[in-house]
Amino acid sequence: MVDWTSDNDDSDKFEWESDGEAEPSSAPAFRNLDAAGPSTLDSNGWANEEAPPTSLVEGYVLMGFPKEMVLKGIKEIGNTEINQFHFIVFLCLCPPVLTRLLLSGHSDANALLELLLTYKTLGDDAAVGNCSTSGCFPQSVEDDDDFDFENWDGDDDADGREPNPDSSGDEDFLREMSEKDNKIKSLVDMGFREDEANMAITRCGMDAALSVLVDSVYASQAAGDCHYGNLSDYEVTGSWGGRKRARLMEESKKKRKRYGGAAQRRPLDGSHEEPMPLPNPMVGFNLPNDRLRSVTRRLPQQAIGPPFFYYENVALAPKGVWATISRFLYDIEPEFVDSKHLCAAARKRGYIHNLPIENRFPLLPLPPKTIFEAFPHYKKWWPSWDPRRQLNCLQTSMSSAKLTERIQCALASSGNPPPKSVQKYVMDECRKWNLVWVGKNKVAHLEPDEVEYLLGFPRDHTRGVGKTERFKSLGNSFQVDTVAYHLSVLKDMYPNGVNVLSLFTGIGGGEVALHRLGIHMRAVVSVEIGEVNRRILRGWWDQTQTGTLIEIADVKSLTDDRIATFVRRFGGFDLVIGGSPCNNLAGSNRHHRDGLEGEQSALFYHYFRIVDAVKSAMGRM
DNA sequence: CTCATTATGAGGAAACTG
DNA sequence: CAGTTTCCTCATAATGAG
C-alpha cells in the first residue's frame with residue numbers, strides 16, 4: 001500500500017530548471033501507454049471504444065447504406081413515424097437496393113446481405129401487418145414517381161414534398177431529420193420511451209429546446225398518460241411542475257435586477273423568468289481564510305445524496321442556461337467562483353453540488369495569486385504601463401507568433417513609454433491572449449507547463465502529447481485548487497477512500513484534486529471521449545494510484561443498466577463528478593454558441609440522467 | 001492524411017458617463 | 001436612468017507544412 005498523503009509531493013512545487021529557454025527533449029512521461037490492462041474492460045467485458053450511432057440516418061450510413069438512399073427511404077416511409085424496423089423492411093423489399101449494394105463494391109456486401117436477410121425473415125414473420133397501413137413499402141415508391149435506382153443521383157426532389165426551389169431539399173431534410181433524430185435519441189437515452197419523445201416533439205415543435213421537451217414529457221406523464229419508472233418521482237416536486245412549460249427558458253427577455261453578494265437566496269421555482277444573477281465578487285459560498293463572507297445553505301430535500309455529486313460549467317453562459325441546469329439538478333443554487341481568488345489566473349465557473357460547505361480547507365501550499373509570485377522572472381521585462389497582476393482565463397488555444405512580431409514592431413517603432421494608442425493596442429492583445437513579457441518589447445504566450453502549474457496540476461501532467469493538444473486539454477480543465485477546496489469536506493467523511501464516477505473527465509482535474517487532498521480513490525469509472533485525455537489520465541493513474549480505473553469513451557454508452565452493474569460491483573458511488581462540455585456556451589466560440597442545446601453542451605442532459613440513475617440504483621441497494 | 005499555425009467577432013455583463 | 005464604452009470569454013474553421 002501507498003501512503004496516500006505523502007507520495008508524489010514534488011507535484012506541489014513549480015521549479016524552473018533554467019531561464020525558460022530550455023525546451024527539454026520530449027521523453028515519454030507515461031508508462032504503459034498502450035498496455036490495455038484488464039481494468040480497461042468493464043464487468044460486461046465490453047471494449048471501451050464502442051459507441052452507438054448518433055442518429056437513425058447516421059446509423060444506416062454506418063451500416064453501409066448510401067446516405068442518399070437512406071434519405072430517400074426515410075422520405076418514402078414518411079418522416080413522422082420513423083422506425084428502424086420499417087426502414088430495414090423497406091430496404092429488404094427493394095431488390096434494386098440490394099443489387100445496387102452488391103454492385104457498389106461495398107467492402108462487406110456479403111455481411112450486409114446476411115444482415116438484411118435476417119431482418120427480412122423477421123419482417124415476413126412479424127411486422128408486415130404492422131406497417132401495411134402506412135404505405136411504407138416499395139409500392140409507394142413506384143406509384144409516386146418512377147424511382148430509378150440505377151440513375152438516381154441522390155438529388156431527387158420530384159416527389160413534390162419539398163417546395164424548396166434551390167434544390168437543397170435533401171440537405172434541409174437531412175438536417176431536419178438528424179436534428180429530430182438527435183433529440184429523440186437524447187430523450188431515449190435519458191430513459192424516455194421513443195413514442196413519448198416523438199409526442200413531445202409533435203407538441204412542442206421541432207425547434208423546442210431539449211429541456212422543454214423533457215418538461216413536456218413529464219407534464220404528459222403527470223397528466224396521467226402513463227407512469228414510467230423512477231422518473232415519476234419528479235412529478236410531485238413543485239419545481240418540476242405538473243404543467244406544461246412550453247417556452248424556452250433561454251428566451252427570457254426580462255430586464256433583470258442585479259444584486260451584490262453571494263449570500264442572497266432566490267427562489268428557483270421556475271415561476272419567473274429571471275435569469276440566474278452572478279454574484280459580485282464571484283467568491284462562491286466561502287473562500288479559504290475568509291470566514292466573513294461565509295454563508296449557510298439548506299439543500300432541497302430531493303437534492304440530498306447519496307451520492308454526492310459535483311457539476312461544473314462556465315459561469316457566463318447564455319441567458320437562462322444556468323437556470324435550466326439548476327432546475328434539472330434538483331434546484332440547487334449554483335456556487336459561482338472565480339478562481340482568481342485562489343490562484344493567479346481568472347476562471348469564472350459555476351458549480352452545482354450537494355456537498356456540505358462547512359469546514360472546507362484548501363490545498364497546501366496555497367498557490368501564488370499574482371503573476372510575479374508565480375513567475376518572478378517575468379518582472380524583469382514587465383513595463384510599468386502594463387497594470388496586470390493576474391492573468392485572464394486560460395483558454396484552449398494560444399496566440400500566434402505573428403502577433404508577437406506585430407507587437408514587437410509596434411513597440412520598436414515608438415518611444416518609451418509608447419503613446420497611449422500603442423499601449424492600448426498592446427494591452428488589448430495581451431489581455432486577450434494572456435501574453436507575458438519575456439524580453440525587450442517582446443511578449444509571448446504561456447508554455448504548457450506554466451498552464452499546468454496555474455491550474456494546479458503536477459508538472460508534465462499532460463506531457464507526451466502534442467503542444468496544441470496540451471493547451472486544448474488544459475484549457476478545458478478544472479482549476480484544481482478551486483475544486484479541491486470544495487471537495488475537501490469529503491476527507492473526513494471517507495477515511496477509507498471513495499468510489500468515484502467521473503463524467504467528462506478530461507485530463508482528470510477531479511482525480512488530481514482528490515489525490516492532492518489525500519483522499520484515496522478505491523475505484524474510478526471515468527467517461528471521456530478524447531483518446532488523448534484518456535491516455536493522460538491512465539498515465540497519471542498508473543504512476544500515482546493503486547485503485548481500479550475503468551475508462552469509458554462515450555457517455556451515451558453508459559446506460560442505466562451498466563450504471564446499475566457498476567453500483568452493484570463497487571457497492572455504490574460516493575461521488576459523481578464532472579463538468580459537461582462548454583463549447584456551445586462559451587463566449588469565445590464564434591460559430592456555434594448555440595446554448596445548452598448545442599451539439600456538445602446538450603450532453604449535460606446525460607450528466608443529469610446518470611446522476612439520477614446512480615441515485616435510484618443506490619436507492620435499491 | 002495528420003498536425004500545427006493563423007485569422008476570425010459575437011454576445012453579454014460590468015463599468016462608465018452625462 | 002439610459003446610452004455608451006470597456007472588458008472578457010473551458011472556440012472553430014481555413015490554411016499550410018510535413
Side-chain angles (χ1 to χ4, degrees), chain A residues 26 250-260 275-282 311-322 336-340 345-351 387-388 390-406 420 423-425 427-435 444-445 448 451-452 454-457 462 465-480 482-483 504-507 509-510 528-533 578-595 598-601 603-604:
Chain A
S26 70
E250 278 89 344
E251 284 182 352
S252 149
K253 298 292 181 208
K254 266 191 180 174
K255 203 70 181 174
R256 83 199 229 186
K257 292 239 191 293
R258 289 257 141 226
Y259 64 78
M276 187 78 58
L278 296 174
N280 187 17
M282 198 181 281
Y311 173 81
E312 179 259 11
N313 216 321
V314 290
L316 286 91
K319 283 182 181 174
V321 165
W322 272 106
F336 292 105
V337 185
D338 188 338
S339 294
K340 75 178 183 184
R347 207 167 186 81
K348 296 181 181 65
R349 297 292 180 268
Y351 306 89
R388 291 176 302 155
Q390 288 190 304
L391 294 161
N392 279 332
C393 184
L394 303 166
Q395 303 202 173
T396 56
S397 60
M398 288 291 150
S399 77
S400 62
K402 295 277 182 195
L403 181 60
T404 296
E405 190 183 324
R406 284 196 292 269
K420 289 281 178 198
Q423 283 186 26
K424 178 167 165 42
Y425 163 69
M427 285 313 304
D428 282 351
E429 297 297 333
C430 284
R431 278 193 248 259
K432 188 195 300 181
W433 293 106
N434 263 333
L435 303 176
H445 63 69
V451 180
E452 284 170 351
L454 289 166
L455 290 175
F457 285 92
T462 59
V465 301
K467 203 170 170 178
T468 313
E469 290 287 345
R470 292 181 75 180
F471 284 128
K472 187 174 173 188
S473 296
L474 286 162
N476 281 310
S477 177
F478 289 160
Q479 206 286 322
V480 171
T482 309
V483 172
F504 314 107
T505 306
I507 57 176
E528 167 57 40
I529 193 78
E531 198 263 343
V532 164
N533 286 343
S580 66
C582 73
N583 43 356
N584 304 122
L585 312 178
S588 45
N589 188 338
R590 293 156 154 71
H591 301 92
H592 300 105
R593 196 183 185 186
D594 305 327
E599 189 181 348
Q600 287 83 26
S601 293
L603 294 175
F604 157 75

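Lettering of chains follows the sequences in order, A, B, ..., and the numbering in each one begins at 1.
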Salt-bridged, D428(A) to K432(A), with N to O below 4.0 Å? no
Taking the six-membered ring where the residue is Trp, are the ring centres of F336(A) and Y351(A) under 6.0 Å apart? no
Using the closest heavy atom to pick a nucleotide of DNA chain B for each, name whichever of K402(A) or R593(A) lands nearer the 5' end. K402(A)
Picking from dT12(C), dA7(B), dC10(C), the nucleotide nearest the side-chain atoms of S588(A) would be dC10(C)
Can you tell me which nucleotide in dC10(C), dT5(B), dA13(B) comes closest to the side chain of C582(A)? dC10(C)
Is it true that T462(A) and S473(A) share a donor-acceptor pair across their side chains at a distance under 3.5 Å? no
For DNA chain C, whose closest nucleotide is more 5', that of K472(A) or that of G587(A)? G587(A)
Looking at H592(A), does any N or O in its side chain come under 4.0 Å of the phosphate oxygens OP1/OP2 on dA13(C)? yes
According to side chain to side chain donor-acceptor pair (under 3.5 Å), who are the partners of S477(A), at least two apart in sequence or on a separate chain? none
Looking only at the side chain of R431(A) (C-beta and beyond, no hydrogens), which of the listed nucleotides dT9(C), dC7(C), dT12(C) gets closest? dC7(C)
Nearest-nucleotide pick for S400(A), side chain only, options being dG11(B), dA7(B), dC10(C): dA7(B)
What are the two closest heavy atoms between V314(A) and C582(A), and how far apart are they? CG1-CB, 3.9 Å
Side chain to side chain, M427(A) and R388(A), heavy atoms closer than 4.5 Å: yes
Of the listed nucleotides (dT6(B), dC10(C), dA4(B)), which one gets closest to any side-chain atom of E312(A)? dC10(C)
Any idea which of dA13(B), dA7(B), dC8(C) is nearest the K348(A) side chain? dC8(C)
Please work out if R388(A) contacts a base, only the sugar-phosphate, or nothing of the nucleic acid, heavy-atom cut-off 4.0 Å. nothing
Checking dA15(B), dC8(C), dT8(B) against the side chain of N280(A) (C-beta onward), the nearest is dA15(B)
If you look at every strand shown and take non-hydrogen atoms under 4.0 Å, does S580(A) touch a base, only sugar-phosphate, or nothing? base
Reading DNA chain B 5' to 3', how would its secondary structure be written in dot-bracket notation, given Watson-Crick and G-U pairs with both distances under 3.5 Å, brackets [ ] for crossing pairs and | for partners on other strands? ||||||||.|||||||||
Would you indicate, yes or no, if dA13(C) has its OP1 or OP2 atom less than 4.0 angstrom from a side-chain nitrogen or oxygen of R590(A)? no
Would you call E452(A) and R470(A) a salt bridge, using N to O less than 4.0 angstrom? yes
Between dC7(C) and N392(A), is there an OP1 or OP2 to side-chain N/O distance shorter than 4.0 Å? no
Nearest-neighbour nucleotide for the K319(A) side chain, dC10(C), dC7(C), dA13(B) considered: dA13(B)
Phosphate-side-chain proximity, T468(A) and dA4(B), N/O vs OP1/OP2 below 4.0 Å: yes
Protein N or O to nucleotides 14-18 of chain C N or O, pairs below 3.5 Å:
none

Would the distance check show the side chain of Q600(A) and the main-chain N or O of N583(A) forming a donor-acceptor pair, the cut-off being under 3.5 Å? no
Nearest nucleotide by nearest heavy atom, which residue falls closer to the 5' end of DNA chain B, E469(A) or H591(A)? E469(A)
